[in-house]
Protein chains: 2
Amino acid sequence: MSETSWHEQLRAHGYRVTPQRQLVLEAIKAAEHATPEEICAKVRETARGVNISTVYRTLELLEQLGLVTHTHLGHGAPTYHLAADADHVHLVCHECGEIDEVAPELVRDLVTRFDEEMGFAVNVHHLTVFGRCRKCR
Amino acid sequence: MSETSWHEQLRAHGYRVTPQRQLVLEAIKAAEHATPEEICAKVRETARGVNISTVYRTLELLEQLGLVTHTHLGHGAPTYHLAADADHVHLVCHECGEIDEVAPELVRDLVTRFDEEMGFAVNVHHLTVFGRCRKCR
DNA sequence: TTCTTTGCAAATAATTTGCAAGTTG
DNA sequence: CAACTTGCAAATTATTTGCAAAGAA
């Protein structure tokens, strides 16, 4: 997504472009699997701080606009990604906690099947599959 | 699972059979998709109360013994099931929140594929697939 | 200038923990 | 009775909300 594209996407919906929103989006770009708290910390490293509640509000907004997505990799806080980078499925090992990312092709049949057999459109970006990895079996 | 079987399973691991543990297990049996808070409330309906921290500790124990499992059906608290009843995959609609359960056969190919291609053993009980249901598309 | 957004502090929700008192085997 | 469990209250963690001040268009 280009630099200006999301500016316009915000404005088109009556929202404003603010430094805080830019900083949060850049932090998400820079970090894979960042929780709200981590995003907040990351922003503080490089610039003036952004309040944690602003982070929450910004994430909600960016997700609603389709710029970012989130998934749950465990018990704690959800993790956010750029929607453009999110085209993968997460594998999480219950045992060692390792997180792996695999191509969405691996679940293509599943998506097709759910669609055809029950009219359910799977959100692949949100999909996290738990189990036991090769090393921990 | 028989009445005595889990008693022995507890004892075999050095744990004790207590009324609280029985009540929690029965509440899970009676309710589908119960959160810790709901389990606590359910127990209070029918008998002397059980403290919420006891519920948490009991759930952790029962899960560790393989008697119950949990999954995440949304942002809030996780939901627990009897492991014996948990042989299904959850579908959750982002839009209307409806929760559906489908047979694990629908994901059998996925399980096989992850196993063969990456040595990853999928925990089907924990699997929740988010998306958009027929009505909300 | 007008309407949106932010920061801050306080409110909620979801868990977890320490510890003395109660219970099981 | 010794070891395990529970209840209770307090501490944590994650998230949300109200509101006045600051900022974008």
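Chain identifiers are assigned alphabetically (A, B, ...) following the order of the sequence lines, protein sequences preceding nucleic acid strands; residue numbering begins at 1 within each chain.
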**Report entry** Reported OH-to-CG distance for the pair B:Tyr15 and B:Leu65, which is rounded to 0.5 angstrom
**Finding:** 6.5 Å

Query raised in the report: A:Leu62 CG to C:dT5 C1': how many Å, rounded?
Result: 13 Å

Query raised in the report: Base, sugar-phosphate, or nothing for A:Gly49, non-hydrogen atoms under 4.0 angstrom?
Result: sugar-phosphate

Report task. Decide yes or no on side-chain hydrogen bond (donor to acceptor under 3.5 Å, both in side chains) for B:His126 and A:His94, but give the supporting numbers first. Result -> CA-CA 10 Å; B:His126 195 290; A:His94 280 308; 5.1 Å; no

Query raised in the report: Rounded to whole angstrom units, what separation is found between the OH atom of A:Tyr15 and the C1' atom of D:dA25?
Result: 16 Å

Query raised in the report: For the ring pair A:His81 and A:His70, is the centre-to-centre distance below 6.0 Å?
Result: no

Query raised in the report: Say you draw a straight line from OG1 of A:Thr69 to CG of A:Asp85; how long is it, rounded to the nearest 0.5 Å?
Result: 9.0 Å

Report summary line: When B:His75 and B:Thr54 are each assigned the nearest nucleotide of DNA chain D, the 5'-most assignment goes to B:Thr54

Requested in this report: Would you indicate which nucleotide in C:dC3, D:dA9, D:dA3 comes nearest to any side-chain atom of B:Ser53?
Outcome: D:dA9

Query raised in the report: Rounded to whole angstrom units, what separation is found between the CZ atom of A:Arg57 and the P atom of C:dC8?
Result: 11 Å

Report task. Select base, sugar-phosphate, or nothing to describe what A:Thr35 touches, counting heavy atoms under 4.0 Å on all strands. Result -> nothing

Requested in this report: In plain terms, say whether B:Glu105 and B:Arg108 are close enough for a salt bridge, that is, a side-chain N and a carboxylate O under 4.0 Å apart.
Outcome: yes

Requested in this report: Round to a whole Å and report the spacing from CG of B:Asn51 to P of D:dT6.
Outcome: 10 Å

Query raised in the report: Looking at C:dT15, C:dT6, D:dT15, which one has an atom nearest to any side-chain atom of B:Pro78?
Result: C:dT15

Report task. Please evaluate the base of D:dA25 for a donor-acceptor partner in the side chain of A:Arg11 within a cut-off of under 3.5 Å? Result -> no

Query raised in the report: Which one, C:dT15, D:dA2, D:dT15, comes nearest to the side chain of B:Pro36?
Result: C:dT15

**Report entry** Spacing between A:His13 atom NE2 and C:dC3 atom C1', to the nearest angstrom
**Finding:** 18 Å

Query raised in the report: With a non-hydrogen cut-off below 4.0 angstrom, is B:Arg21 in contact with a base, only sugar-phosphate, or nothing?
Result: sugar-phosphate

Query raised in the report: Between atom CD1 in B:Ile52 and atom P in D:dA11, what is the gap in whole Å?
Result: 19 Å

Query raised in the report: How long is the line joining CD of B:Gln20 and P of D:dC8, in whole Å?
Result: 11 Å

Report task. May I have the distance from A:Tyr56 (atom OH) to C:dA13 (atom C1'), rounded to whole angstrom? Result -> 12 Å

